[in-house]
Colleague: 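Take a look at the following structure, please.
Atoms considered below: every heavy atom in the structure, side chains included; atoms not considered: hydrogens, waters and symmetry mates.
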Amino acid sequence: MTCIILLKGKLMHIDNILPLIFVLKKSGIISKSLFVTRDKQTFNTIKNNVALYKAITTISGNLVCMNVHKNRIIRILYNIFVLRRYLYK
């Protein structure tokens, strides 16, 4: 089972949720995790933070940034393209 986590703008959110994801992964409840950020700044901050990014990759997680484009139609198409494999499950 894949777990999709929508991260809010603060890094405290990911610090609080990562220990829970580690426990769920260790017990076998989830197999993969997808961490979704709403803005590019949060995405870059997590990507540049070595400890957080290493923790995400350790649990077979992916980090994805949504709402990258300013045009509404392109942004919606991009978001659907990124989440397409999770929409069918």
Side-chain angles (χ1 to χ4, degrees):
M1 183 169 122
T2 303
C3 179
I4 300 175
I5 299 111
L6 179 63
L7 299 174
K8 304 215 176 175
K10 299 180 182 179
L11 289 179
M12 271 182 17
H13 185 69
I14 193 168
D15 285 339
N16 293 334
I17 200 80
L18 269 176
L20 176 64
I21 300 298
F22 271 113
V23 170
L24 292 174
K25 173 75 174 174
K26 189 174 181 179
S27 65
I29 295 174
I30 61 171
S31 58
K32 292 183 179 180
S33 301
L34 179 67
F35 294 90
V36 180
T37 61
R38 291 184 183 180
D39 57 349
K40 193 74 169 170
Q41 181 182 7
T42 307
F43 176 79
N44 288 334
T45 304
I46 294 172
K47 194 94 166 168
N48 292 333
N49 190 329
V50 177
L52 287 178
Y53 192 68
K54 186 175 179 182
I56 290 172
T57 56
T58 302
I59 57 173
S60 303
N62 293 329
L63 182 64
V64 177
C65 181
M66 304 295 282
N67 302 328
V68 177
H69 304 284
K70 292 184 180 184
N71 187 338
R72 182 175 183 255
I73 295 173
I74 294 173
R75 185 175 62 227
I76 291 171
L77 290 174
Y78 176 79
N79 292 347
I80 290 172
F81 179 74
V82 168
L83 296 174
R84 72 184 183 280
R85 68 183 106 152
Y86 302 107
L87 291 173
Y88 296 117
K89 292 183 181 182

Colleague: Taking atom CZ of R72 and atom CG of L77, what is their separation to the nearest 0.5 Å?
Modeller: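 If we round to the nearest 0.5 Å, R72:CZ and L77:CG are 11.0 Å apart.
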Colleague: Taking all heavy atoms of K70 and all of R75, pick out the closest pair and write down the distance.
Modeller: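 Nearest heavy atoms, K70 then R75: O-NH1, 3.6 Å.
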Colleague: Rounded to the nearest 0.5 Å, how far does CD1 of I30 lie from CD1 of I5?
Modeller: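 It comes to 6.0 Å.
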Colleague: For K47, which residues count as a side-chain hydrogen bond (donor to acceptor under 3.5 Å, both in side chains) partner, sequence neighbours excluded?
Modeller: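 With sequence neighbours excluded, K47 shows a side-chain hydrogen bond (donor to acceptor under 3.5 Å, both in side chains) to Y53, given in chain and number order.
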Colleague: Return the set of residues passing side-chain contact (heavy atoms from CB on, under 4.5 Å) with S31 (not counting sequence neighbours), or none when no residue passes.
Modeller: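 Once residues adjacent in sequence are excluded, S31 has no partner under the side-chain contact (heavy atoms from CB on, under 4.5 Å) criterion.
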Colleague: Taking N79 for the side chain and N67 for the main chain, is one N or O donor matched with an acceptor at less than 3.5 Å?
Modeller: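 Looks like yes, one N/O pair under 3.5 Å.
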Colleague: Testing the basics here: between Y78 and C65, what is the closest heavy-atom pair and its distance to 0.1 Å?
Modeller: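 Of all heavy-atom pairs spanning Y78 and C65, the closest is CE2-O, 3.4 Å.
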Colleague: If every non-hydrogen atom of T37 is compared with every non-hydrogen atom of F43, which pair is closest and at what distance?
Modeller: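 The pair with the smallest heavy-atom distance is OG1-CB, 3.5 Å.
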Colleague: In Å and rounded to the nearest 0.5 Å, what is the CZ to CD1 distance from F35 to I59?
Modeller: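 Reported to 0.5 Å precision, the distance equals 4.0 Å.
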Colleague: Show me the donor-acceptor pairs, under 3.5 Å and distance only, between side chains in residues 12-23 and residues at least two apart or in other chains.
Modeller:
unit_1, atom_1, unit_2, atom_2, d
H13, NE2, L6, O, 3.4
N16, ND2, M12, O, 3.2

